[in-house]
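Please read the structure below before turning to the comments.
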Amino acid sequence: MVRFSFIVFSFSALLMYTSCGTDTVDSQPNFNDLFVNTSDNIIIPRYAKLQTEIINLSGALEAFDGTEMKLSNLQNQFIETYHAWQRVSVFQFGPAAEFSALLRENCNTFPANPILIEANISLENYSLDLPSNYESKGFSALDYLFFHAHNNELLIELSNPLRLAYAKDCVDDMRSRISGVVTSWDSYRTTFLAAEGNDRNSSLSLLFNQFLFDYEQIKRNKLALPSGFATQYGIPLDADTALVEGLYSKQSFALIATNLQALQNIYLGIGEDGIDGVGMYEKLKEYNAQSTVVEGDLAEAIQDQFEVCKTLIAGFSNDLPFEIQSNIAQIQLVSNEFQKMVPMLKNDMRSYLSVTVTLTDSDGD
Amino acid sequence: MGINSLQNYLSDTFKFFTSQTSIAPLVIFRIIFGLMMFLGTLRFWCNGWIDTLYVKPIHFFNYYGFEWVKPLSELGMYMVFLLLLVASLGIALGFFYRLASLLYFLLFTYVELIDITNYLNHYYFISLIAFLLCILPAHRSFSIDARRNPSLQLQTIPKIYILILKFQIGVVYFFAGIAKINYDWLFQAMPMSIWLQAKAHWPLIGSLFTEKWVAYSASWMACVFDLFVVFCLLSKRFRAPAYFILVVFHVITGIMFSIGMFPWIMILVTLLFFPPEFHQNIINLIQSKLKIKKAPQIIVNSLLLHGSKKKVLLSFFLLYVSFQILFPFRYLCYPEKLFWTEQGYRFSWRVMLIEKAGSATFFVTDSITGKRGEVDNSQFLTPTQEKMMATQPDLILQYAHIISQEVESRGLINPFINAEVYVTLNGSKSKLFIDPKVNLVELKDGWQPKNWILDF
């Protein structure tokens, strides 16, 4: 009996020992450095940059006087702004996901619907706040308005004040939404830093899930869908080059490249000032995370896969619609490489960061 | 052994099972169970899970043989949960107890049967306990029913009514312990190492979690605990220390893992193992605190089992016990590694045993045009459903049939559906899980081994 009591005592003492701290301390891994670096050096500066670009776009539109030079300024500024968008498209949580903003839907629903756009312009009767106008506003609509024809034709079209006013309305709509998000981030920053833990409303979960979502947007909507590798409700779709992002400005690959680079920088924790801070990469290193998809270190495996994808995208000499028609085998290869990243993120990174997918309880012992 | 002595032995056993014991432990068990179910249902509701699990999903994954169970409308589902709340209070108070316990069992089981991706051993446990409570006379003392109808009052009941609950609780621990006797758990400290690693950032003790010896001790201790705790609880001598360890164990796992109400439920229901006086004291305490008048004394107060009722009940319990003991071993009928194929995995108390993650990519090919495309899982499933589906072969198969029905309803006849599924088990290298060339539409689920699962 004495011996048994001793065993029981030591057993429970050990259990108590391993549990004693947990009542008093915060029980979640510390991601605070990651959150601080991501919000202060990546998210907030990127939104600020987008705001600057959209203000400049607004200015370029004001300054448009019907000359080819001003049109070219306008087009260049549009492309700058479009790329600035690619760098925030992943941050669709917090202020950007508020009903008043809904940035992704309002700014970057593609492809554009030219029939709807033309109808809106000629009828002069439209409310850009309506979800039914998602496909006739935002970047894809401006892409259409500023690029869909030769410059001399565009100049004639844009001499129509109604058309110019429509473009201006589209820019103003984005501008006010983006400004709203920029302002909200001032106060949301505190919320973002404080939402620790790994439940579905924690910052870690928001950041990781949006990261995965944005990556899958590139993979599916920007690449697989126009190339005919995707399905809609299970039905295989034909290739349709009109579905690409940046169709008229021929920016499809460039936008994908920027989007991918933006994700990679978040992953590495590289701020807008170029300084390499704490990112998911550093966290995975801290955990000594191992990849189950390829041999070795997970942090490096994901980094390598980013590089593979970037190199492949940069390897095309023409824009995406042309390559879909003439070089589909290579597109398929790129698509396969994009796919390889998915289990690294979904299986490995998710379990190392302990991000919960399951909102409910798991099986207990 | 002669016929006579066997008969004597059996009759002695029957005598033991039908001999009388106090009803108090059953009464306290009823109150605890009812209240915990009330809290659990309330928590489920407040977390918005009725909506996320039963209203939002477009498609649901069925249990084999229960394909006919369908969710109700949004209002209907909320009504079900409202009734669950009412029924759980009915159980706790012993108010229309027979109706309440039957209603609770049926509705709870119905809700669980709607979608297999929500399966938890702990929900299965609750279904079983609710089922047993439908049979047991738990309302015949210290209940509203017994107060309204004093002829119901009992002081003693046959032992079997308590033993069957102890058996059910014991099964959970013991089988969880047996399940842990495997190479990965004991000699690789897997997946314990992965789970502890994830807590490595805890201040003060975090660094301990990266130590191999901690993972090994935790694995072994959990295994020994599960195997022996019930036997210790049954013995007078070891009961108190065993219960103390049980509380510590559940509190730790409750803090470390997101396992909801389960640890707290187990801590409370295992009070059943304490002697009747303990429970009578609790009843007396509640009576004096709530200033409830003592029920009027009654003369006949034992529930005796006689004749055919006794035979039916005892044979039923015998059947029940045999099923509970045998069913978890059905996995032996399947070839290949259990944790990989999960054939015969559910309903066997394999709680927190493996760490599995998968990513499943499905492709639909139009057999006529040859057109092929990747399925966007988010157009069909919730993230939870997708996660559960990706590691369980029967659900992968069901999902292929869900896609098939959807595309056929949209006019694509005879689709060819295959899937590239990569799964990692206990931190192993991600491997192809099922034959990526097989047309899943042509396969049917069943009890036979699934030969399209690739080797681990």
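Worth knowing before you read on, the calculation uses all heavy atoms, side chains too, and leaves out hydrogens, waters and symmetry mates. Here is the naming used below: chain letters follow the sequence lines, and residue numbers restart at 1 for every chain. Being a predicted model, the structure only gives us computed values, none of them experimental.
Partners of A/E337 under the salt bridge (charged side-chain N to carboxylate O under 4.0 Å, His left out) rule, at least two apart in sequence or in another chain, are A/K340. Taking the side chain to side chain donor-acceptor pair (under 3.5 Å) definition, one finds that B/E211 meets it with nothing, sequence neighbours left out. The salt bridge (charged side-chain N to carboxylate O under 4.0 Å, His left out) test applied to B/E112 returns no partner, not counting sequence neighbours.
At a cut-off of 3.5 Å, with distance as the only test, no side-chain donor of A/Q339 or B/E420 sits close to an acceptor on the other residue.
Here the side chains of B/K387 and A/R350 are not in contact, with every heavy-atom distance at 4.5 Å or above. Two residues are said to be in side-chain contact when any heavy atoms from C-beta on lie closer than 4.5 Å; A/P236 and B/T365 fail this criterion.
Within 6.0 Å of NZ on A/K285 lie more than 12 heavy atoms contributed by other residues, nucleotides or ligands. Atom NZ of B/K212 sits in a crowded spot, with more than 12 heavy atoms from other residues, nucleotides or ligands closer than 6.0 Å.
Looking only at distances, a side-chain donor or acceptor of B/K429 sits under 3.5 Å from a matching main-chain atom of A/V293. No donor-acceptor pair under 3.5 Å is formed between the side chain of B/E374 and the backbone N or O of A/F229.
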Quick one, A/N347 with B/S430, criterion side-chain contact (heavy atoms from CB on, under 4.5 Å). Give me CA distance, side-chain angles, the key distance, then yes/no. CA-CA 9 Å; A/N347 296 6; B/S430 285; 3.9 Å; yes

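Residues of residues 403-413 of chain B lying under 4.5 angstrom from chain A, judged on non-hydrogen atoms, are B/I403, B/E406, B/V407, B/R410, B/L412 in numerical order.
To the nearest 0.5 Å, the span separating CG on B/N377 from CZ on A/R220 amounts to 10.5 Å.
When A/S335, A/G234, A/S291 are compared by the number of non-hydrogen pairs under 4.5 Å with chain B, A/G234 comes out ahead.
With a threshold of 4.5 angstrom between heavy atoms, B/T369 does not approach chain A through any atom at all.
In plain terms, the two heavy atoms of B/D376 and A/T231 that are nearest each other are N-OG1, 3.8 Å.
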